[in-house]
Amino acid sequence: MNKEELKIKLAATFTTAAFDESGQWLNMTVPAADWLQVAQLLRNFGDFPFDYLFCLTCIDWKTKLTMVYHLSAISTRDTVVVKVDLDRNNPEIESVAQIWKTANFHEREVCELFGVNFLNHPDLRLLILPDGWEGRNPMRKDFEDPVNMIKL
Amino acid sequence: MYRQSEILDRSGHDGYMVINVGPQHPATHGVLHFVITLNGETIIKLEPHIGYIHRSIEKMCESLNYRQFVYTTSRMDYLSSHINNHACCLAVEKGLELEIPPRAQIIRILMDELTRLASHQLWWGSMAMDIGALTPFFHAFREREMITDIFEDTCGTRLTMNYMVPGGVMADLHPDFQQKVKVFLKQFQEKLPEYDELVTGNIIFQNRTKGVGILSKEDAISYGVSGPTARASGVSCDVRKLYPYGVYDKLDFKEITDTGCDTWARYIVRMEEMRQSIHIIEQLIDNIPDGDFQAKTKAVLKLPKGEYYSRVETARGELGVYIVSEGGTTPYRIKFRSPGFSNLSAMETMVKGGKIGDFVAVMGSVDLVIPDIDR
Amino acid sequence: MWSLENITKSVDSWLNLQFSPTIAFLIEAVIIMVLVIGLFAFLGLVLVYMERKVSSFMQIRLGPNRVGPMGIFQTAADTLKLIVKEGFTPNNVDKFLFNLAPFIVMVVAMVVLAPFAFSKGFQIWDVNVGIFFITAVSSLGVIGILTAGWSSNNKYSLLGAMRSGAQIVSYELSAGLTILVIVMLTGSLRISDIINAQADGWWIFKGHIPAIIAFVIYIIAATAETNRAPFDMAEAESELTAGFHTEYSGMKFALFFLAEYANVFIVCAIGATLFLGGWMPLHFGENNWFNTIMDYIPGIVWFFGKAFFLIFVIMWFRWTFPRLRIDQLLNLEWKYLLPISLFNLLLATVIAITGWHF
């Protein structure tokens with residue numbers, strides 16, 4: 001299935017989503033409030049459920065944060081990239097760890113590196129950063145560490 | 001990460017014992033830390049704690065240009081450094097829309113497969129060592145040494161090769177390359193049945209691995225597990241077959257899957273993969289075309305604004321490189337989707353209810369490389 | 001046949017001539033102590049070197065080859081290193097038991113040596129319940145291991161010690177039952193009687209099928225009792241780092257190490273005594289030319305030759321096989337080896353009563 005066909009199929013279900021076909025795969029931007037519902041629908045999507053979450057990450061655009069979910073259907077190999085924009089000062093989004101188990105670890109990583117708060121996450125503790133690390137999120141663009149960071 | 005007091009608090013009240021496996025422990029092959037809750041010898045709960053070797057390669061890459069950042073990735077999964085480099089080059093080339101000369105294509109695939117062989121040999125030795133047989137490790141290293149020698153001739157280094165660059169490879173092959181690879185293939189094919197005699201056919205080894213560490217197909221997909229670990233659970237996920245890169249679509253090789261879902265199946269899948277890698281190298285070694293080993297590129301690479309994702313099959317699974325470019329000379333954001341990270345998250349499902357001995361066997365069969373998990 | 005018997009006899013009579021019997025006895029005891037300690041030092045040096053060379057042979061590498069010719073002084077250098085190391089006792093351990101444990105293990109290994117016949121008449125104590133004494137005392141060794149694991153205040157040590165306890169107690173049964181087969185065939189518990197009964201052929205040849213089955217089971221059980229791979233559950237370095245001796249260092253660790261090799265020697269010496277005739281040369285039938293030739297080789301050479309052959313077999317196991325899991329280990333004993341050895345004992349009884357053995 002090419003991007004065009006996939007877009008038509010998905011657009012019928014997700015009316016609030018904005019689509020973008022310029023990239024390698026079909027991009028779909030959904031509002032943060034709808035994300036959990038969209039995720040559940042995608043996971044049980046008709047004859048090609050998107051059951052393989054192969055990449056979950058976040059991008060800091062300095063004005064906003066964007067969550068990026070790369071989803072793929074094992075049965076048909078269709079891939080869709082879901083993006084969710086978040087408020088940079090108070091980033092909050094529903095966790096999808098119950099839907100795709102791999103999200104558990106990836107969300108913990110994003111949480112500590114970008115400071116995104118995942119609601120209803122089963123176990124949102126520090127994964128990589130040392131004990132007692134508070135507040136500052138290293139992967140954000142404005143993170144400064146004069147001791148350990150070497151500017152090139 | 002746990003504070004020590006937290007670990008102590010939880011032990012003793014419910015009759016369970018909490019032990020720390022790692023960060024320095026022979027079974028973890030690196031600085032990985034598991035907090036295991038035991039009932040007698042049976043594992044009730046397993047929590048991985050990572051980050052001991054986190055270097056934040058993703059953040060580092062944001063201040064390196066598109067030629068430089070490739071080299072940091074050799075330090076991620078140090079056993080498949082060629083393949084990591086390959087993934088990065090593919091992502092950059094996708095952005096630049098570069099055509100790679102056929103010679104470079106073939107060299108890249110050859111190096112990838114040799115790396116895979118070297119990595120699987122080390123895995124074979126260390127898995128046998130985890131299960132308690134110390135001798136196979138040395139036998140595996142005998143052949144692995146030949147591969148690292150081949151790499152040293154061509155790339156100059158033995159572990160972190162940094163050989164692939166955007167546009168091709170850094171230097172031409174060493175004149176002895178073909179001959180040495182053939183010598184290696186001949187010896188390895190002779191010795192592979194010996195590997196089977198020493199470990200595969202051993203009744204103790206089979207008892208230790210069969211039916212141990214079950215990872216069902218649904219769990220494997222849900223946990224995003226990839227590579228031989230997923231294929232042993234019946235998930236077809238070989239990137240070389242499904243999303244061919246390089247010249248993999250023109251090559252004859254099989255994707256090895258197994259429906260055993262256990263440690264034994266993972267062992268068998270990897271052993272068969274070695275044979276497939278030999279088969280791939282045999283097809284290519286006499287057919288290296290003449291020509292350039294590197295495409296002509298500008299001195300300073302600038303990727304157009306956009307997002308580029310490339311995926312390759314490393315020895316451990318699917319490595320994804322996700323580059324977000326703002327049009328500058330450095331990536332705006334880069335994300336490495338490392339296979340080890342997802343495979344690690346499935347560990348608890350595999351070892352729950354097993355014994356400590358099973359945990360070690362599963363650790364061996366999943367073949368985690370810690371710098372790959374931490375990045 | 002040249003023997004050490006004459007030397008011991010002449011020393012004994014000379015001492016009794018010079019001193020009163022009590023003093024002579026005490027002097028003999030001191031001589032024996034020195035000899036036993038000397039034997040242990042010798043065993044430690046030789047067996048560690050042998051283990052390294054055997055393992056390097058199996059693992060296609062050279063092994064120790066720097067200290068002295070062929071690296072023969074490697075273990076001496078290692079011992080020196082261990083002696084000069086600090087005898088470290090961690091905080092929060094049970095200090096008395098922690099320091100006692102290595103000595104329990106070591107003393108048990110030394111006491112077991114008493115009824116062994118190294119050569120004709122070269123025996124410390126030819127007691128009438130010799131083999132019973134050996135099995136009884138050698139099972140005390142597990143107390144030392146349990147003490148070490150418990151007092152270390154370390155979870156790995158505790159797990160290792162518990163595994164070791166379960167394992168040694170289980171495998172003692174099989175070992176005991178296989179020893180009973182030979183006792184049944186001989187009709188005596190005295191070591192010298194058992195050896196003399198093999199003057200016309202070793203039990204492994206004379207004893208028909210039961211002796212062969214008993215020998216195989218004995219070797220398996222002996223490997224398990226000495227906590228060596230494939231039954232090294234108590235140490236299991238990839239699971240429990242070092243098992244019961246995780247917290248030990250320096251000379252205290254060396255005692256465990258030495259005791260392990262001493263125990264290997266002891267179980268192999270028992271195997272050699274019971275099944276392969278101890279110091280008795282290879283004989284077939286009554287006086288013939290073959291037996292005469294064999295008699296020219298001294299008994300002590302035979303004894304150590306057989307023991308070291310069995311030690312080599314056990315080392316061979318260690319460097320070839322993967323490790324069993326703890327439940328598989330116990331299954332093997334209780335579900336397979338124990339019923340087989342019980343049945344085997346019955347078979348041996350029938351053979352001994354009817355006199356079907358040679």
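The structure presented is a predicted model; accordingly, all values stated were derived computationally and were not measured. Each chain gets a letter, A, B and so on, in the order its sequence line appears, and its residues count up from 1.
- Residues A:His70 and B:Arg311 form no side-chain contact, since every pair of their non-hydrogen atoms from C-beta on lies 4.5 Å or further apart.
- The closest side-chain heavy-atom distance from A:Val81 to B:Tyr309 is not below 4.5 Å.
- Using a cutoff of 4.0 Å between basic side-chain nitrogens and carboxylate oxygens, B:Glu218 and A:Lys101 are not scored as salt-bridged.
- Side-chain contact between A:Met139 and B:Lys335 is absent, with no heavy atoms from C-beta onward closer than 4.5 Å.
- Atom OG in B:Ser345 sits 10.5 Å away from atom CZ in A:Arg108 (nearest 0.5 Å).
- Of all non-hydrogen atoms in B:Tyr308 and A:Gln24, the two that sit nearest each other are C-OE1, 4.2 Å.
- B:Lys59 contributes a side-chain N or O that, together with a main-chain N or O of A:Arg140, makes up a donor-acceptor pair within less than 3.5 Å.
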Test side chain to side chain contact (heavy atoms under 4.5 Å, CB included) on A:Arg77 and B:Leu242 and set out the steps. CA-CA 8 Å; A:Arg77 300 287 156 197; B:Leu242 300 173; 3.3 Å; yes

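- Relative to the ring axis of A:Phe54, B:Arg337 does not place its NZ or CZ within 45° and under 6.0 Å from the centre.
- For chain A, the nearby part of B:Val225 is the backbone; its heavy atoms alone come within less than 4.5 Å.
- Interface residue B:Ile221: backbone and side-chain heavy atoms are both found under 4.5 Å from chain A.
- Crowding of B:Lys94 atom NZ: a count of heavy atoms from other residues, nucleotides or ligands under 6.0 Å exceeding 12.
- Taking the six-membered ring wherever Trp is involved, the centroid distance between the rings of A:Trp100 and B:Tyr223 does not fall below 6.0 Å.
- Note: B:Phe341 and A:His106 have perpendicular aromatic rings, judged against thresholds of 30 and 60 degrees for the angle between ring planes.
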Can A:Trp25 and B:Glu307 be said to form a side chain to side chain contact (heavy atoms under 4.5 Å, CB included), step by step? CA-CA 10 Å; A:Trp25 291 306; B:Glu307 294 171 7; over 6 Å; no

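- Environment of CD in B:Glu326: crowded, with over 12 heavy atoms of neighbouring residues, nucleotides or ligands closer than 6.0 Å.
- Taking CD1 of A:Ile74 as the reference point, atom SG of B:Cys237 lies at 7.0 Å (rounded to 0.5 Å).
- Contacts between A:Asn27 and chain B at a heavy-atom distance below 4.5 Å involve the side chain alone, from C-beta outward.
- Contacts of B:Thr349 with chain A are absent, with no heavy-atom separation under 4.5 Å from either backbone or side chain.
- Residue A:Asn104 does not touch chain B at all, counting heavy-atom pairs closer than 4.5 Å.
- The line from CZ of A:Phe105 to CE of B:Met347 is 10.5 Å long, rounded to the nearest 0.5 Å.
- A:Leu129 CG to B:Ile50 CD1: the interatomic distance, rounded to the nearest 0.5 Å, is 10.5 Å.
- Here the CD1 atom belonging to A:Ile128 is positioned 12.5 Å from the CD1 atom belonging to B:Ile53, to the nearest 0.5 angstrom.
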Side chain to side chain contact (heavy atoms under 4.5 Å, CB included) assessment of B:Phe336 paired with A:Cys55: CA-CA 9 Å; B:Phe336 298 109; A:Cys55 187; over 6 Å; no

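- When side chains are defined from C-beta on, B:Tyr52 does not count as touching A:Pro130, because their heavy atoms never get closer than 4.5 Å.
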One pair to check against side chain to side chain contact (heavy atoms under 4.5 Å, CB included): B:His49 and A:Arg125. What are the steps and the verdict? CA-CA 10 Å; B:His49 295 288; A:Arg125 285 179 290 130; 3.8 Å; yes

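- Residue A:Tyr52 comes nearest to B:Gly224 through the heavy atom pair CE1-CA, 3.5 Å, listed as atom of the first residue, atom of the second, then distance.
- In this structure, chain A has a heavy atom under 4.5 Å from the side chain of B:Tyr243, while its backbone stays farther away.
- Distance OG/B:Ser342 to CG/A:Leu53: 8.5 Å, rounded to 0.5 Å.
- The side-chain tip of A:Lys141 points at the ring of B:Tyr332 from less than 6.0 angstrom away and within 45° of straight on.
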